[in-house]
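Comments concern the structure below.
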Amino acid sequence: MPFSFIIQMAQRLALRRFLSISPQKLSVLPLSILSKVSAVPCYPRSLLPLTPITVPASIRTFSTTPVYRATFNIQDGSDFQDRVVNSQKPVVVDFHAQWCGPCKILGPRLEKMVAKQHGKILMAKVDIDDHTDLAIEYEVSAVPTVLAMKNGDVVDKFVGIKDEDQLEAFLKKLIGA
């Protein structure tokens, strides 16, 4: 017997067992099991029961609530103007590059610290390879360079990696500045 045939028979057996579970029992199954079963390929109708199975509403994960993000990537110069320079909130601008090792360390650390501020500060990420004009305009000569901007003006700046205590002090100064 070919191996693929054995796999197909095992999948059919697993599908039959899953489909024989009543909706009441289905509601107590962990979500991880349900997500694995939903990846099972479709089979002819002869293998499926005629009664439909309803999935409990508690398992559905669709939401129409808008997600607020404090961190965003800059798309172009006008996007920078709209979201950073014209921002009502203070903005931390992280100038980074994909090839920069220290940037890969600082970026997540800075995002985490900005998230702890609960929306008091926004964070814009600018890839210097994609937006050279912005890097030149803001005199970025090394990466990572982080600017603190308030009301469209640069109020503070640092270059290189900082630990969490230094980042927290930097952000607190921006909020109070």
Quick one: do Ile121 and Leu171 satisfy side chain to side chain contact (heavy atoms under 4.5 Å, CB included)? Show the steps, please. CA-CA 8 Å; Ile121 299 176; Leu171 297 178; 3.8 Å; yes
Once you round to the nearest 0.5 Å, how far does SG of Cys103 lie from CG of Asp94? 6.5 Å
For His96 and Val126, run side chain to side chain contact (heavy atoms under 4.5 Å, CB included): C-alpha distance rounded to whole Å, both residues' side-chain angles, the deciding distance at 0.1 Å, then the answer. CA-CA 6 Å; His96 68 282; Val126 180; 5.5 Å; no
Is there a donor-acceptor pair closer than 3.5 Å between any side-chain N or O of Asp127 and the backbone N or O of Asp129? yes
If the plane angle is over 60° it's perpendicular, under 30° parallel, otherwise tilted; pick one for Phe158 and Phe170. perpendicular
Partners of Phe72 by ring pair (Phe, Tyr, Trp, His ring centres under 6.0 Å), sequence neighbours excluded? none
Separation between CE of Met123 and CG of Asn73, rounded to the nearest 0.5 Å: 9.0 Å
Over all heavy atoms of both residues, which pair between Arg83 and Ser87 is shortest? Give the atoms and the distance, please. O-CB, 3.4 Å
Looking only at heavy atoms, the pair that brings Ala97 and Ile128 closest together is CB-CG1, 4.0 Å
Report the distance from atom NZ of Lys157 to atom CZ of Phe95, rounding to the nearest 0.5 Å. 9.0 Å
With Glu164, which residues qualify under salt bridge (Lys or Arg N to Asp or Glu O under 4.0 Å), at least two apart? Lys112
Considering all heavy atoms of both residues, which atom of Gly119 and which atom of Lys89 are nearest to each other, and what is their separation? O-NZ, 2.7 Å
Using a 4.5 Å cut-off on heavy atoms from C-beta on, say whether the side chain of Val92 contacts that of Val146. yes
Short side-chain to backbone donor-acceptor contact, Arg109 and Lys162, under 3.5 Å: yes
Tell me whether Val159 shares a hydrophobic cluster with Met113, the cluster being built from Ile, Leu, Val, Met, Phe, Trp, Tyr side chains joined at under 4.5 Å. no
Here the gap from Gln166 atom CD to Ile161 atom CD1, rounded to the nearest 0.5 Å, amounts to 11.0 Å
Checking Glu111 against Lys125 for the salt bridge (Lys or Arg N to Asp or Glu O under 4.0 Å) test, could you report, in this order, the C-alpha distance in whole Å, the side-chain angles of both residues, the deciding distance, and whether it holds? CA-CA 10 Å; Glu111 284 181 44; Lys125 299 180 78 171; 2.8 Å; yes
Side-chain heavy atoms of Asn151 within contact of Gln88, under 4.5 Å: no
I'd like to check the side-chain hydrogen bond (donor to acceptor under 3.5 Å, both in side chains) partners of Asp156; sequence neighbours left out, ordered by chain and number. Lys173
Is it possible for you to say whether Ile175 and Leu167 belong to one hydrophobic cluster, with membership spreading through side-chain heavy-atom contacts below 4.5 Å? yes
Can a donor-acceptor pair be found, under 3.5 Å and without considering hydrogens, that links the side chain of Gln117 to the backbone of Val114? no
Report the C-alpha distance between Tyr138 and Val93 in whole Å, list the side-chain angles of each, state the deciding distance to 0.1 Å, and finish with yes or no for side chain to side chain contact (heavy atoms under 4.5 Å, CB included). CA-CA 10 Å; Tyr138 287 94; Val93 184; over 6 Å; no
Which heavy atom of Gly160 sits nearest a heavy atom of Leu106, and at what distance? O-CD2, 3.7 Å
Gap separating the CD atom of Glu168 from the CG atom of Asp163, nearest 0.5 angstrom: 10.5 Å
Rounded to the nearest 0.5 Å, what's the gap from CG on Leu174 to NZ on Lys150? Could you check? 6.5 Å
Side chain to side chain contact (heavy atoms under 4.5 Å, CB included) between Trp99 and Lys104: does it pass, once the steps are laid out? CA-CA 9 Å; Trp99 46 264; Lys104 293 177 183 178; over 6 Å; no
